[in-house]
**Q** 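Structure incoming, see below.
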Amino acid sequence: MQACGLLKKSAPEELVYNFSLNYTPRAIANTPIVRTNGAIVGIECRYMRFHNVSSSALKPGSWVPYTFTKSAEDVLDFSLVLMAETFIWFFAIFLGDILNIEASVSQADHQPLRLFVDSCVATLVPDQTSTPRYAFIENHGCLTDAKTTGSSSQFMPRPQDGKLRMKLDAFRFYQDARSSIYITCLLKVTAASQSVDSLNKACYTTGNVWTSVDGSDQVCSCCDSSCPTTKSRHWMRMKRDLGSEEGKTLLLVVSQNENRGF
C-alpha cells in the first residue's frame, strides 16, 4: 500500500485511505503512436471504525468485527405467550379450558441454547409478590399443579431446545370476582450441550411419578422436597455468560361461564 502512494486519514468514525491511480498509455505494438490520453484518477476508500485491534491476518470480504459479533451473541430475547390448542395465537379463555403457554428465547447468533422455566406464579395484579398468589412451577422447574390439584397440567415435548411448552388447566382465584390473572415466570437458558440437572430442568407429574421433558427423570427426584439452591461455579458462569430474565408476565382474562368470555 505504501508503494502505491497511500495517504491515510483518521476521522472520529472512519478510516479514510486515498490513492492516486496514474495511467500512462504505451505506444501500440510495432508503432510509434497512441490512441488514448494519460490520466490521474483519485480513489478514496472509507471504512467504519469498529474499535478492533488484532494482529491476525484478515481475509477480505470475511471480516466480522469482534464488537459486532459480541453484541449479537449477547442478545437473548425471552418470550412468554398464550397459544391455542395447535399452538397458534389464542385469546379466548374459559373455565374448563386448557391454557397452552409457550416460553421461548430468540438467540440471534448465540451458541445453541436450551430454555427452562425456573418458576411461575399467578397473581391478581402485576406484582408477583402480592397475595393471593398461586405458584405452580417451583423448585427450579417442577410443575406442581397436577400433583397439587389433580389437574392434567404438564410440560409438552419440546419442538426445539429454545422453546418449552406447557398445558395448564384454566383457573380463577377463590371468592374473587376479578377475571384478570397475571402469570409471571422466570425464564433462563443453558448451553444445549450442557446436561440437565436439579437446577436446570423441566419436570411434571404423570400420576405420582415425576417425569423430565428432557428424558432425565432422575433430576426430578428433589421436586417433592427442596431442590438444592447452591449454584455450582459452572452454573454461575453459564448464567453470567448466557442469561436469565425475571418478570416475563402473561395477562389472562378468564370467564366463569364456559360458553362466554374473552
Side-chain angles (χ1 to χ4, degrees), residues 77-105 115-156 158 163-189 199-208 210-213 220 222-227 229 244-262:
D77 184 15
F78 291 91
S79 174
L80 185 69
V81 295
L82 180 68
M83 315 296 277
E85 181 67 25
T86 54
F87 282 92
I88 59 176
W89 292 104
F90 180 68
F91 300 99
I93 308 166
F94 313 97
L95 288 180
D97 279 347
I98 300 295
L99 307 180
N100 298 287
I101 299 174
E102 180 181 88
S104 63
V105 61
L115 176 80
F116 295 96
V117 180
D118 197 69
S119 62
C120 278
V121 61
T123 54
L124 288 168
V125 294
D127 181 5
Q128 59 182 308
T129 64
S130 63
T131 55
R133 64 193 303 273
Y134 175 53
F136 56 90
I137 297 182
E138 302 176 284
N139 255 342
H140 304 294
C142 301
L143 177 55
T144 58
D145 185 66
K147 191 172 182 64
T148 302
T149 67
S151 72
S152 61
S153 301
Q154 61 179 296
F155 285 118
M156 305 302 294
R158 290 184 186 269
K163 291 184 178 181
L164 186 59
R165 294 171 172 176
M166 74 180 88
K167 288 182 176 290
L168 183 69
D169 286 8
F171 61 89
R172 297 180 70 180
F173 282 96
Y174 178 61
Q175 293 185 335
D176 195 293
R178 285 171 288 183
S179 58
S180 298
I181 296 175
Y182 293 85
I183 292 178
T184 304
C185 299
L186 170 62
L187 312 181
K188 66 182 182 183
V189 292
L199 285 173
N200 306 286
K201 61 186 182 297
C203 299
Y204 63 95
T205 53
T206 304
N208 289 320
W210 284 100
T211 302
S212 166
V213 76
C220 305
C222 63
C223 283
D224 284 327
S225 54
S226 179
C227 297
T229 58
S244 63
E245 182 157 326
E246 190 169 4
K248 276 296 179 185
T249 303
L250 180 64
L251 170 62
L252 310 177
V253 181
V254 183
S255 172
Q256 283 184 314
N257 190 318
E258 295 187 8
N259 298 315
R260 298 184 63 187
F262 55 89

**Q** Which heavy atom of D169 sits nearest a heavy atom of S151, and at what distance?
**A** OD2-CB, 3.2 Å
**Q** Taking the inter-plane angle between the rings of F136 and Y134 on a 0 to 90° scale, is it parallel (under 30°), tilted (30 to 60°) or perpendicular (over 60°)?
**A** tilted
**Q** Grab the two heavy atoms, one from A135 and one from T144, that are nearest each other, plus how far apart they are.
**A** O-OG1, 3.9 Å
**Q** Which heavy atom of T184 sits nearest a heavy atom of P126, and at what distance?
**A** OG1-O, 4.2 Å
**Q** List the steps and the verdict of side chain to side chain contact (heavy atoms under 4.5 Å, CB included) for W210 and K147.
**A** CA-CA 9 Å; W210 284 100; K147 191 172 182 64; 3.8 Å; yes
**Q** Do L164 and F155 have side chains that approach each other closer than 4.5 Å (heavy atoms only, starting at C-beta)?
**A** yes
**Q** Just by modelled atom types, is the D127 backbone N or O under 3.5 Å from a matching donor or acceptor in the R133 side chain?
**A** no
**Q** To the nearest 0.5 Å, what is the distance between CG on L143 and OG1 on T205?
**A** 7.0 Å
**Q** Once you round to the nearest 0.5 Å, how far does NZ of K188 lie from CG of L199?
**A** 5.5 Å
**Q** Locate the shortest heavy-atom distance separating R158 from K163; write the atom from each residue and the value.
**A** NH1-O, 3.1 Å
**Q** Does the side chain of L80 come within less than 4.5 Å of E102's, by heavy atoms?
**A** no
**Q** Tell me the disulfide bond (SG atoms under 2.5 Å apart) pairs involving residues 118-152, sequence neighbours left out?
**A** C120-C185, C142-C223
**Q** Quick one: are L82 and L99 in side-chain contact, heavy atoms under 4.5 Å?
**A** yes
**Q** Can any side-chain N or O of T123 pair as donor or acceptor with the backbone N or O of S130 at less than 3.5 Å?
**A** no
**Q** Only counting residues at least two apart or in another chain, list the ones meeting side-chain hydrogen bond (donor to acceptor under 3.5 Å, both in side chains) with S79.
**A** none
**Q** Got a donor-acceptor contact below 3.5 angstrom from the D176 side chain to the F173 backbone?
**A** no
**Q** Going by heavy atoms in the side chains, are L115 and F78 under 4.5 Å from each other?
**A** yes
**Q** With a 3.5 Å distance limit and no angle check, can you tell me whether S225 reaches the backbone of C222 through a side-chain donor-acceptor pair?
**A** yes
**Q** Taking H140's backbone N and O only, do any of them form a donor-acceptor pair with K201's side chain (distance below 3.5 Å, no angle check)?
**A** yes
**Q** Kindly give the heavy-atom pair with the smallest separation between A122 and F171, and that separation in Å.
**A** CB-CZ, 3.6 Å
**Q** Donor-acceptor pair, distance only, cut-off 3.5 Å: does the side chain of D118 make one with the backbone of L187?
**A** no
**Q** Would you confirm whether R172, through its side chain, and R178, through its main-chain N or O, come within 3.5 Å as a donor-acceptor pair?
**A** yes
**Q** If you round to the nearest 0.5 Å, how far is CD1 of I98 from CG of L168?
**A** 8.0 Å
**Q** Is Q154 close to M166 at the side-chain level, that is, under 4.5 Å between some pair of heavy atoms?
**A** no
**Q** Establish, for the pair R165 and Y204, whether the NZ or CZ atom is under 6.0 angstrom from the six-membered ring centre and no further than 45 degrees off its axis.
**A** no
